[in-house]
Number of protein chains: 6
Amino acid sequence: MAHEPNIPLLPTCFIGCETPLAESRIVLFGAPFDGTVTFRPGSRFGPAQMRPDSYGLEAYSPYQDADLEDAAVHDAGDLDLPFGRVERALAEIGAFSKRVVEAGRQPLMLGGEHLVTLPALKAVHAKHPDLCVLHFDAHTDLRADYLGEPLSHATVLRRVWDELGDGRIFQFGIRSGLREEFEWAKTHTHLHPFDLDGLDTALDAIGSRPVYVTIDLDVLDPSVFPGTGTPEPGGVTFRELLAALCKLRRLRIAGGDVVELAPHYDASGVSTAVACKVVRELAVAMSARESQQEKPGRF
Amino acid sequence: MAHEPNIPLLPTCFIGCETPLAESRIVLFGAPFDGTVTFRPGSRFGPAQMRPDSYGLEAYSPYQDADLEDAAVHDAGDLDLPFGRVERALAEIGAFSKRVVEAGRQPLMLGGEHLVTLPALKAVHAKHPDLCVLHFDAHTDLRADYLGEPLSHATVLRRVWDELGDGRIFQFGIRSGLREEFEWAKTHTHLHPFDLDGLDTALDAIGSRPVYVTIDLDVLDPSVFPGTGTPEPGGVTFRELLAALCKLRRLRIAGGDVVELAPHYDASGVSTAVACKVVRELAVAMSARESQQEKPGRF
Amino acid sequence: MAHEPNIPLLPTCFIGCETPLAESRIVLFGAPFDGTVTFRPGSRFGPAQMRPDSYGLEAYSPYQDADLEDAAVHDAGDLDLPFGRVERALAEIGAFSKRVVEAGRQPLMLGGEHLVTLPALKAVHAKHPDLCVLHFDAHTDLRADYLGEPLSHATVLRRVWDELGDGRIFQFGIRSGLREEFEWAKTHTHLHPFDLDGLDTALDAIGSRPVYVTIDLDVLDPSVFPGTGTPEPGGVTFRELLAALCKLRRLRIAGGDVVELAPHYDASGVSTAVACKVVRELAVAMSARESQQEKPGRF
Amino acid sequence: MAHEPNIPLLPTCFIGCETPLAESRIVLFGAPFDGTVTFRPGSRFGPAQMRPDSYGLEAYSPYQDADLEDAAVHDAGDLDLPFGRVERALAEIGAFSKRVVEAGRQPLMLGGEHLVTLPALKAVHAKHPDLCVLHFDAHTDLRADYLGEPLSHATVLRRVWDELGDGRIFQFGIRSGLREEFEWAKTHTHLHPFDLDGLDTALDAIGSRPVYVTIDLDVLDPSVFPGTGTPEPGGVTFRELLAALCKLRRLRIAGGDVVELAPHYDASGVSTAVACKVVRELAVAMSARESQQEKPGRF
Amino acid sequence: MAHEPNIPLLPTCFIGCETPLAESRIVLFGAPFDGTVTFRPGSRFGPAQMRPDSYGLEAYSPYQDADLEDAAVHDAGDLDLPFGRVERALAEIGAFSKRVVEAGRQPLMLGGEHLVTLPALKAVHAKHPDLCVLHFDAHTDLRADYLGEPLSHATVLRRVWDELGDGRIFQFGIRSGLREEFEWAKTHTHLHPFDLDGLDTALDAIGSRPVYVTIDLDVLDPSVFPGTGTPEPGGVTFRELLAALCKLRRLRIAGGDVVELAPHYDASGVSTAVACKVVRELAVAMSARESQQEKPGRF
Amino acid sequence: MAHEPNIPLLPTCFIGCETPLAESRIVLFGAPFDGTVTFRPGSRFGPAQMRPDSYGLEAYSPYQDADLEDAAVHDAGDLDLPFGRVERALAEIGAFSKRVVEAGRQPLMLGGEHLVTLPALKAVHAKHPDLCVLHFDAHTDLRADYLGEPLSHATVLRRVWDELGDGRIFQFGIRSGLREEFEWAKTHTHLHPFDLDGLDTALDAIGSRPVYVTIDLDVLDPSVFPGTGTPEPGGVTFRELLAALCKLRRLRIAGGDVVELAPHYDASGVSTAVACKVVRELAVAMSARESQQEKPGRF
């Protein structure tokens, strides 16, 4: 009954992501987990809020002159993750990501807190040993541990470094951290403080290597993105981030994520609109020819 | 991929309403339309907000000692209705409702503004010529027209009367309207002002006739249901409405709706929780044996 | 241009209060002052919020079977009161009230904090030496001074007592205060704690004497009236207050006020709807024959 | 009574717009209609919210070194428009605008959704056949129809084009639309995407022709204007729009509007303050000598 | 400098709880932990919000005719608990509670989610082997495990039963749970569904045995307590809970807690006011002679 | 008990300001007063909100490469100020500030409305006769009086001028005021309208003279700082203010304040985060060698 064509029903997926799984090249999914957040939780509500609000945008990007409907994205829904059991939640994200990667598709994950990046990135790394990471964030996320805990939103990039080693992580917009973290970064990552200066050089350095793009939305100034757990004033403008996203078309993006939308802290809906537009632009960039050199396989 | 059993995904339907269409007896669907609202719009957002928030409840009702999972409800999603075109929106609701009714199932509609009741009720009436209406509301909704307009949230019960005639409409909780409406009701409907007194008598009067139950949630006091376009202080308590709902098990309910949740006006989420609990109790009551004397057909 | 009949403009006064000043018997006005509030300010915004929101109600009261449009109320707008200068603000309220009273009309004031009652009541008392006060509130408001200050929202009824003396103040719903205030009240006012029990007896005791009715809306439980500076759980329900208001028809009400709506604390709008409905019911009760034994004069 | 000089009342009009109708050159009025909005309604509340909040500003503009009190603006209040009846609402706006124009005054309308521009612009066009349009917006608004409906907030500039034809519409800040709209604009309007680049050239091109200025406030970045139905990240900053407004002094502005404030989505009040400041600057620019070459007539 | 008496500073403790630790009989402290919450987190913010808002109340309770200042309460502040590490957080709560109990004082804990009850209760039980539990809640909290996890807000009373065994737990207000939980309770706890009926009998049954009182504030109807993670309509009124609290004076209360305030979900502040008033009444009841039969020791 | 090291308690002071009074060089304190505010009150809640939210930041400033923990700041808490008694409140602020100054420490005050600057500045001036003022604000604050009242948030810089005379006040970011104020400033203060242009020149002009820095946070654009009583669009960006703050290290700062955060108007918490970061940067700048040429004395 619900499938008869002449009584239309509202879609429930992200706008422009109605490609069936078998025909898709990018698999979008949500990882609604915020269990290690110390300050203000709520990013668990991010993915569910994005889908209906994405219809306030158009699928067409005038910036990239490309349409999300042409990007072959399948929206797989949200994982059902257990709270209070960090390792198990990460394991489920990792298993799902692994399957996407092994089927020759690009995972595009909606957080959740930043720790969810770790298992997704590991799954991509397993396939792409020469993987680099492009990291947009307000915070260093480079602590060795947080109150003795190695797995935390405040340590996630350090754990990524454990995986990838020196010189493979390119960080932008960083403006908050311990003095020790800034010091440590000098010899281990390419940390660009405060803004996006140096991006072109970094993209050149990455070159044709596969890259995982992780966007902690708090890289944006809280004026345009107040809906996040730890707002850090002094971030980049939306236009600045947008210009950066358009440049990513030339990269070979093996996977990516957009994390740390906590929509309850912004009743205006603007933060969710921002998150959706970032997802659209990232997905469109991921669908550019450079990223998709491989023929996707069967599931 | 998304269907593999060992990586669970979050459900997107109303809690406990996962029965496939073919096996269902009740079809739940949303009618997100608020185009004739004069004061504060926003009930268009009601159905989409209810689904995720329904998981804050349990499927089991300790009041009726019955579980929504046993009620054979299929959640069909939300209709895609055009704004600014009242007649066309109503036509789509009517067509969908007709199909549900003709397939031998009970429609359970989530509003939207109260005007959406009209086409759904007409569809039920077409099958059940002796249909009665049980109406819970703060407002009379009995105007002949509103600023010259016959189709309006303020006229919907008058339009229902056009359909059914005298003595078939039982109204409860009514505490706002024009003096003329209260006068008119004296000879045309069974209007019980202010509260639910007289419900037992009304249920007896309805007897075994088929009944359409329409619940405008603003019948509740705005203390527990602030999230509505036109809050009217002095309503019934949640417990009073709950007790009434439990009594409906003895009726033969041919269809029903729950309308006028405008969730943006209640950031606490309580109004949505209230709406979900009313839906659960109504669905469970509709699934009692008395309502389901017919074997559902094929679609 | 704006007055041509065939292009209607939205009214800006309180619903049903369009009676011209010369023909009015009740003069409604706002006193948007909250300068002595110690905890949470904001009642200064009460009157301005009430007017547009009053159109969410009807002018007709089914409880009293009477219409506000028949109550001969003129809405005079809001006084422009200086902040940080308590005495001068009170003087302006007093001057305005005096003029209303001397013209043979009943003042009906919208607060503002409770201290605004003092000058209005004094103006009424100047004309009616045998004036009683009927006081609904959560708080005693009987301190001799507050941190050394005699003029405060926390002392206003004590100042009224300075004016009227023992036995003329009837207090209902009181559930917060110092132990000393409750003690003091035993010999000076008729204080009914917690609820409205004893109202009938009080109305009998007042008899045909003129009475000033002051309603601090926080007498209501904060479930239905959260929009106030000092919410005090455990108050009366809206229905209980409504029943009390209907009984006031038998009194000879010389003036009244409705105070302490701070609308910013309740984004749902329910508190404002509650305030408007209380104003409507009080105005309708004030327009009953018993209150209006005098022919109003000229201005 | 209310008119005695020594008891001041708070004004109810927009700040600095107390010029009597007969002496005015600009007539400000509200068109609180949002009936065709598909995503998030609420611009119907814009005009009523602006008036009291305008007093958070000063009437004096240090940018233009001019005072709104010298601009001869009369605030006529808000039209009473029917919901659910698009054509009738537009007809009333048109009739009111026509009267303003025919009396030799400039209409300055506060929306409401963007569709309200159409009848006001038509009224101005009837007097000024060589009218141009200066359009600030995030969205193209150039669809031929929206879900089959020709009258919609998403089609309004296309309907304006039906009226004016090619080359008369100058669009700025556009960053959202269908690919087809951007294509269509290339041969029919002067569409400047993303920002205000090219404004000086456009002002030169308009020259001394009469111009209608329509400002959809969502041209602003949602960081500073979250209170709108369809926030679109990546807009112009307030300073950029302000600089543009100051340049309009050299134009001959025959009428204008400021639309799409939906204040409920921004509880901070900033969006309303922004809207008020835009209105002030536009009104002051409209009052510059270039705009007012005609002596206003009688009403 | 800050201690000079003639320049007063605002207190930072809960109102009326300024008794020095050495002279105290009750030790109030916060356990801001919500790490196992599955639906909506935020109770971690409860204790910090309560302290400043407690000054909207008075220290005097007219219901019990007793003053919190006479109850010898010391406010020790909030524990610093790690997120994402359930066992360690519970261990810290347990250690702190143990010290309070061993020093002969009554712990009064502010949650946090309900799971924090477990370690505090265990500490009290270690001293009082015949301990009973009086439990107010909307939810059964009797699951054996939650998604395989034994330590959860949804299992806490089951874990308490593991500690105390059959017949020692008295539950009131319960209106949500699995059918299995209601069944299980029949033979293991004294579960009173829906309301507080049967409280007097339960108090008699407890008699002079020491009792731990745990109040999950969602036992209240969400009309008066919307600020909680899982609002469940149909709860008890504030007056009903208040009446129950006054009856507790006759018990011998060895410890207690008030949990599940999530203040961000109620911007009005009412939920926090409710929580504070419950804390005040519970503390005053705990200070009644029956509870304090022991002389407190040294720390 | 609360002091045992192995059960950590949450701090209650501003992050990084745990230096004991005796060892401090800067004394941070709150002046929660907003009694003369005419438009929207609420800055009284600023200091109490800042302390817990400051833990969303780090103590380390990567901009100045300095840590607040090294700045020797003691957080003394908030003054208890009477509402409705302007002079007395100012006297208490003055007395406290005097004691700080006389003990050879720098006061760093958190407002409250801007009028609180006056007594603090006077106390600093008493010790430093050649004091200059560096003033960041959206508003001139130069009225001779406000509705006849000399002490007001709208007159505070004029009162400062009464104290210091011509040429000692450097104003930046000013974009709102009466035409008369802008005129008056031309001959009495160094007023830089709209932005921070000219700051370097001003810092040179101040040179080694002691300076009081007063930051009305509404100098920031309301996009990033909506939480204030009188938002004025068109302000400076956070980055612009931050760059200015970093330059202050070369000054000899004798005292300072950060005022006009009204946190209730920004539920997202961003405004409070902004205020905290400004406080951190100002405190760090105040602790640079240039500011601290004096050895602090005893209290």
Side-chain angles (χ1 to χ4, degrees), chain A residues 37-42 138-143 146-148 153-154 171 173-183 185-186 191-195 218 220-240 261-272, chain F residues 8 10 15-16 50 52-70 217 220-227 231 233-246 258 261 263-281 284:
Chain A
V37 168
T38 44
F39 192 51
R40 304 196 306 182
H139 306 89
T140 47
D141 289 359
L142 291 172
R143 297 190 187 209
Y146 189 73
L147 303 177
H153 68 111
Q171 302 183 281
I174 312 298
R175 58 194 184 275
S176 178
L178 304 178
R179 179 181 266 147
E180 294 71 23
E181 293 177 272
F182 283 94
E183 286 299 317
K186 286 177 183 171
L191 187 154
H192 299 77
F194 309 143
D195 50 36
D218 67 20
L220 288 161
D221 194 64
S223 56
V224 75
F225 193 74
T228 193
T230 315
E232 182 72 35
V236 305
T237 68
F238 187 82
R239 285 178 179 177
E240 289 170 342
L261 166 67
H264 289 182
Y265 292 108
D266 180 9
S268 76
V270 167
S271 299
T272 306
Chain F
L10 287 171
I15 189 173
M50 275 192 232
D53 283 17
S54 67
Y55 291 85
L57 303 177
E58 303 284 355
Y60 172 67
S61 165
Y63 307 100
Q64 302 192 47
D65 189 17
D67 202 301
L68 187 53
E69 292 184 347
D70 301 327
L217 289 160
L220 288 162
D221 194 65
S223 56
V224 75
F225 193 72
V236 305
T237 68
F238 187 83
R239 286 178 179 175
E240 289 170 343
L241 182 59
L242 187 64
L245 289 168
C246 291
V258 178
L261 167 67
H264 289 182
Y265 292 107
D266 180 9
S268 76
V270 167
S271 299
T272 306
V274 163
C276 290
K277 196 160 177 177
V278 168
V279 168
R280 183 188 78 187
E281 296 298 320
V284 166

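Labels below follow one simple rule: chain letters A, B, ... track the order of the sequence lines, proteins then strands, and each chain is numbered from 1. Just so it is clear, the model here is predicted, and its values are computed rather than measured.
Of the possible polar contacts, one joining the A:Asp266 side chain to the A:Ser271 backbone as a donor-acceptor pair under 3.5 Å is found. Judged by distance alone, the side chain of F:Lys277 and the main-chain N or O of A:Glu232 form no donor-acceptor pair under 3.5 Å. Not a single donor-acceptor pair under 3.5 Å links the side chain of F:Asp221 to the backbone N or O of F:Val236. Between the side chain of A:Arg143 and the backbone N or O of A:Asp141 there is no donor-acceptor pair closer than 3.5 Å. Remark: the backbone N or O of A:Phe194 is not paired with any side-chain donor or acceptor of A:Arg175 at under 3.5 angstrom. Using a distance-only test at 3.5 Å, with no hydrogens or angles considered, no donor-acceptor pair links the side chain of F:Glu281 to the main chain of F:Val278. Looking only at distances, a side-chain donor or acceptor of A:Gln171 sits under 3.5 Å from a matching main-chain atom of A:Thr140.
Among the candidates A:Gly227, A:Ser176, A:Gly229, A:Gly235, the residue making the largest number of heavy-atom pairs closer than 4.5 Å to chain F is A:Gly235.
Residue F:Pro226: no heavy atom, backbone or side chain, is found under 4.5 Å from chain A. Interface remark: A:Pro193 contributes no atoms to any contact with chain F (heavy atom separation under 4.5 Å).
Chain A is approached within less than 4.5 Å, heavy atom to heavy atom, by F:Glu58, F:Tyr60, F:Pro62, F:Tyr63, F:Asp65, F:Ala66 from residues 58-66 of chain F, ordered by number.
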